[in-house]
Each structure stands twice: as C-alpha cells, then as structure tokens.
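Throughout, residue positions are numbered sequentially from 1 according to the sequence presented.
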Amino acid sequence: LNSRVAGVVSSSIFLSMFLINAPLADFIPKFFFGGNLVFLGEVVSLEWLWGGRTKLMKIDFLILYVTMVCIMILGTNIGLAIGLSASLLMFYVKYVRVPVIQQMPLRSSNA
C-alpha cells in the first residue's frame, strides 16, 4: 500500500472515462438511483429523527423536526432556510447568555 500503483491505476481509469466521454448513467437502470435515494432517506430519517432523540438537546431536536416538516410542506430551499434561521437564532440566544467577563476580587499590590 505504500506504492503509487493504486493511485496511477485509479487516475488512468478516470482519465480514460473522461476522454471517452461515455454516458455511464445511461447504462445504469433508473430504479437503481431511486432505490438509493429511498435508502438514503430512510437511513437519514432513522439516524437523525429517531436516533437523535437521545443524543440531542430538546431544542435542537425540535429545530430538526421543524426543519423536516418545513422541507416536506414548503420545499427544500425554504425548509432549509427556515431551519438555518432557527439554528442561527438559537445560537444567538445561547451565545448571549454566556458570561464573558467574570468579576474578580481586587488585590492590592502591597501584599
């Protein structure tokens, strides 16, 4: 694995496919792409929407569900914009509450 043979072979395959200009997607059945899309949607749903309930804080989990519902009802771009706005708002609220300067007792330099 310390040689460059794998990189050279991989690069030459990609370069030859680029130069041949073969439409590889035409040789793959459409149901393959649809099946992969459904599978990825299921994995993301299970990982984030079901598995996230124990890993995330309640407000973050709520933002996740609100984003998902907005994407389903309003579309991808608007739903993601709403989710991003909600996340930025929660970041702002949490960041404002962080104490930046702590009161330190004054010391005299004569001690």
Quiz item: Do side-chain atoms of S12 reach the backbone of V9 as a donor and acceptor pair under 3.5 angstrom?
Solution: yes
Practice problem: Please answer whether the main-chain N or O of A6 pairs with a side-chain N or O of S10 as donor and acceptor at a distance below 3.5 Å. | Solution: no
Quiz item: Are there more than 12 heavy atoms of other residues, nucleotides or ligands under 6.0 Å from atom CG of N77?
Solution: no
Is there a path of hydrophobic side-chain contacts, each under 4.5 Å between heavy atoms, that joins [X] and [Y]?
X	Y	answer
L88	V93	no
V43	L46	no
M72	I78	yes
V5	I13	yes
V44	V38	no

Self-check item: K94 vs M57, side-chain contact (heavy atoms from CB on, under 4.5 Å): CA-CA, chis, key distance, verdict
Solution: CA-CA 13 Å; K94 288 180 183 179; M57 295 180 0; 3.1 Å; yes
Self-check item: Heavy-atom pair of closest approach, residues I63 and S87
Solution: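 Answer, listing the atom of I63 first, then S87: CG2-OG, 3.7 Å.
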Self-check item: Trace of the side-chain contact (heavy atoms from CB on, under 4.5 Å) decision for S85 with L89
Solution: CA-CA 6 Å; S85 300; L89 180 67; over 6 Å; no
Let me confirm one number: the [atom1]-[atom2] distance from [X] to [Y], rounded to the nearest 0.5 Å.
X	Y	atom1	atom2	answer
S16	N21	OG	CG	12.0 Å
F31	N36	CZ	CG	10.5 Å
I82	I71	CD1	CD1	9.5 Å
L84	L80	CG	CG	8.5 Å

Exercise. Apply the test side-chain contact (heavy atoms from CB on, under 4.5 Å) to residues L62 and K58: give CA-CA distance (whole Å), side-chain angles for both, the deciding distance (0.1 Å), then the verdict.
Key: CA-CA 6 Å; L62 177 69; K58 291 185 194 270; over 6 Å; no
Quiz item: What's the verdict on ring-ring contact (aromatic ring centres under 6.0 Å, His included) for Y65 and F61, showing C-alpha distance, side-chain angles and the deciding distance?
Solution: CA-CA 6 Å; Y65 264 98; F61 194 61; 4.9 Å; yes
